[in-house]
Structure formats: structure tokens, C-alpha cells
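For reference, the structure is listed below as C-alpha cells.
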Amino acid sequence: MSSEFGIVIHGGAGTILRMSLTAELEAQYRERLQASLAAGYEILEKGGGGLDAVCAAVNVMENSPLFNAGKGAVFTHEGHNEQDASVMDGRTLECGGVASVKRIKNPVDLARLVMEKSEHVLLCGEGAEAFATKYNIDLVDADYFYTDMRWNQLQKALEKEKHLKTDYSQLDHTPDDKHGTVGAVALDKEGNLAAATSSGGMTNKRFSRIGDSPIIGAGNYANNSTCAVSTTGHGEFFMRCLTAYDVSAMMEYKQMTLTEAAEIAIVEKLTRLGGTGGLIAIDRQGDIALPFNTPGMYRGYRLANDEPAVAIFKE
Ligand code: ASP
């Protein structure tokens with residue numbers, strides 16, 4: 001499936017069953033996935049950079065209440081939204097991330113600023129927001145992130161926790177809660193690879209829990225000599241497996257193809273540890289992989305001079 005350039009996106013992996021999505025909601029998801037692909041593809045087609053393409057694609061999903069990132073971020077135990085995001089440039093291996101930011105409309109843009117304007121890789125919380133104001137990134141009121149759906153999910157999780165009598169953080173890919181983290185990977189016409197990931201994390205998370213999405217090597221990785229990867233799923237397992245980097249390392253050190261490396265990372269390694277989720281990846285030849293070990297993953301891709309394709313369920 002080699003291609004001169006292309007983009008792959010995900011909108012979260014989980015227990016996404018045909019019977020649990022109404023036709024109307026399914027249509028809404030497909031429409032937003034198409035819009036995200038179109039935003040990224042248009043940039044690549046015009047000769048724009050992979051980094052611009054992945055950020056544009058992620059912004060579309062961050063601005064939609066359907067996905068657990070930006071506008072649709074899930075609530076913490078205390079009723080806030082704390083978001084994580086990262087980007088990586090495969091040409092230079094430069095990268096940036098933000099964790100636990102509460103008032104950033106598009107966390108992926110701030111992650112990119114961290115990469116481009118600071119000497120650091122990862123900033124968190126109020127410090128990251130102070131950095132944002134230095135660069136005129138608008139802070140939104142916390143109310144911007146309120147949606148009834150996410151609030152109700154938190155109430156359900158809190159109720160469940162009472163009965164369990166133990167901490168209960170709900171992943172966004174459990175049966176009643178199937179809207180996930182977003183990500184994009186791209187190969188541009190110059191042969192540069194880039195990756196971006198953005199997430200609200202887990203419903204009812206507490207103690208400033210940070211997931212894999214802002215962690216380079218776990219939730220995100222790009223290297224022009226191998227591939228670009230963005231992950232979604234139970235972050236703690238992706239951090240233990242360093243899944244995104246592992247795909248690149250298997251290609252680099254064992255000369256595996258992207259398909260082989262991506263399958264091993266999810267179907268063997270992540271699954272063996274008990275982790276659930278998936279990843280999207282593209283390599284320097286424009287080959288792509290989208291493995292997941294859950295019933296569904298919101299996903300899509302568009303390769304040079306080809307039609308866009310989106311899918312939700314395991315088909
Ligand atoms: N990986 C994210 C986290 O653990 C959640 C997700 O991808 O759905 O924070």
C-alpha cells in the first residue's frame with residue numbers, strides 16, 4: 001500500500017459495538033472523521049508539512065464534543081477537565097508535550113509550542129498554562145469543556161466507585177463510555193513523518209493522574225528513518241510497553257515491516273500484559289497499520305491520490 005504521502009487518524013479505541021451506536025451517532029462520528037482527514041490531507045496535497053497536517057487533523061477532533069480531547073474531554077474525580085497532548089517531528093526528533101492542562105482549547109497546539117519555543121519536552125498544569133499565555137494562546141473558561149454526556153459519565157463512575165469501595169477511574173473505552181483520545185500520523189511530500197496525540201484521559205481520574213498521551217515513546221513517536229505512531233487505550237499499559245517507540249525500535253533493530261512491528265506491539269505485547277487499545281502508524285514508504293485489540297476503534301486514512309476511508313468497528 002506504499003504511497004507518496006498520506007495521513008492516518010484515530011478517535012479512540014474501545015468497546016465500540018454496532019448495537020451501542022445509533023445510526024445518527026455513527027453518522028456523526030463518520031462525518032467528523034472525514035472532516036479531520038480532509039483537514040490534514042489538504043495540507044499534505046498542497047505540499048505542506050506533516051506536522052501541520054497532524055495538528056490540523058487533531059484540531060478538528062479536539063473541537064468536536066464527540067471525542068475525548070479538547071471540547072469533549074472527560075471529567076476528573078473533582079469535576080475538572082485535565083488534558084494531555086504531544087507532538088513529534090520525525091525529521092529532527094524534536095518533540096513537545098503538555099500534561100494536566102485545564103484551560104487550553106487545543107492542547108495539541110500548546111504541545112507544538114513547547115516543542116518549537118521552549119527548551120523542554122514536557123510541561124504540566126499551571127506552568128504549561130503560564131507558558132501558553134506568553135505565546136498568546138487563548139485560555140478558555142473551564143465551562144467551555146462542559147458537556148452533559150461527560151458529566152453524566154462522571155456521575156455514573158462516582159456511583160460505581162461507591163459500590164466498589166475502591167478508586168475507580170473509568171477509561172473512555174468501557175461499555176458505557178466509548179469515546180476516545182484522538183491522534184494523527186502523517187508522511188508529507190518531503191518524506192517527513194510526524195505524529196500528534198491529544199486526550200482528556202480517564203473519567204474520574206484523580207491525584208493528577210497523567211496518561212500515555214503526552215509521553216513521548218508511549219503515546220506518540222515519530223522518526224523519519226522508521227515510522228510515526230499515535231496510540232489510544234489504557235495508558236498505563238502503553239507506558240509500561242513504551243508502545244509507540246517499540247514499533248519504531250522493532251523496525252530499526254529487527255528490520256521488521258511496519259505491519260509486523262505494529263501487530264506485535266498490540267496483539268502480542270500489549271495484550272500479554274492485559275492492556276487494551278490500539279495504534280495508528282505510517283512509515284516512510286507510506287505503508288500504514290491500524291491494529292487494535294478492542295471491539296472497535298474510530299479510525300481513518302487517506303493516501304496520495306486515493307479516496308478517504310473511515311471505519312469504526314472491527315470489520
Ligand atoms: N490513552 C489515554 C489515557 O490513558 C486514554 C485513551 O486513549 O482512551 O489517558
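Heavy-atom basis, side chains included; hydrogens, waters and symmetry copies ignored. Read the numbers this way: they start at 1 and go in the same order the structure lists the ligands and their atoms. For this chain, numbers begin at 1 and follow the sequence in order.
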TODO: Look at R209 together with E236 and state whether they make a salt bridge at an N to O cut-off of under 4.0 Å.
DONE: yes
- [ ] Among T243, T232, T231, find the one that has a side-chain hydrogen bond (donor to acceptor under 3.5 Å, both in side chains) with D212.
- [x] T231
- [ ] Answer yes or no: does an N/O atom from G201 fall short of 3.5 Å to an N/O atom of ligand 1?
- [x] no
Task: Between S198 and E62: side-chain donor-acceptor atoms closer than 3.5 Å - done: yes
TODO: With atom 4 (O) of ligand 1 as the reference point, say which of R209, H234, E236 has the nearest heavy atom.
DONE: R209
Task: Distance filter under 4.0 Å to D212 heavy atoms, resulting ligand 1 atoms - done: 1 (N), 2 (C), 3 (C), 4 (O)
Task: Side-chain cluster (under 4.5 Å, hydrophobic types only) that F145 belongs to, other residues - done: V140, Y144
Task: Interfacing atoms of ligand 1 (cut-off 4.0 Å, heavy-atom, T181) - done: 2 (C), 5 (C), 6 (C), 7 (O), 8 (O)
- [ ] May I ask you to decide if the ring planes of Y146 and F75 are parallel, tilted or perpendicular, using 30° and 60° as cut-offs?
- [x] tilted
Task: Option of least heavy-atom distance to atom 5 (C) of ligand 1 (set: G233, G211, S198) - done: G233
- [ ] List every atom of ligand 1 that sits less than 4.0 Å from any heavy atom of T232, numbering the atoms from 1 in the order shown and giving each element.
- [x] 6 (C), 7 (O), 8 (O)
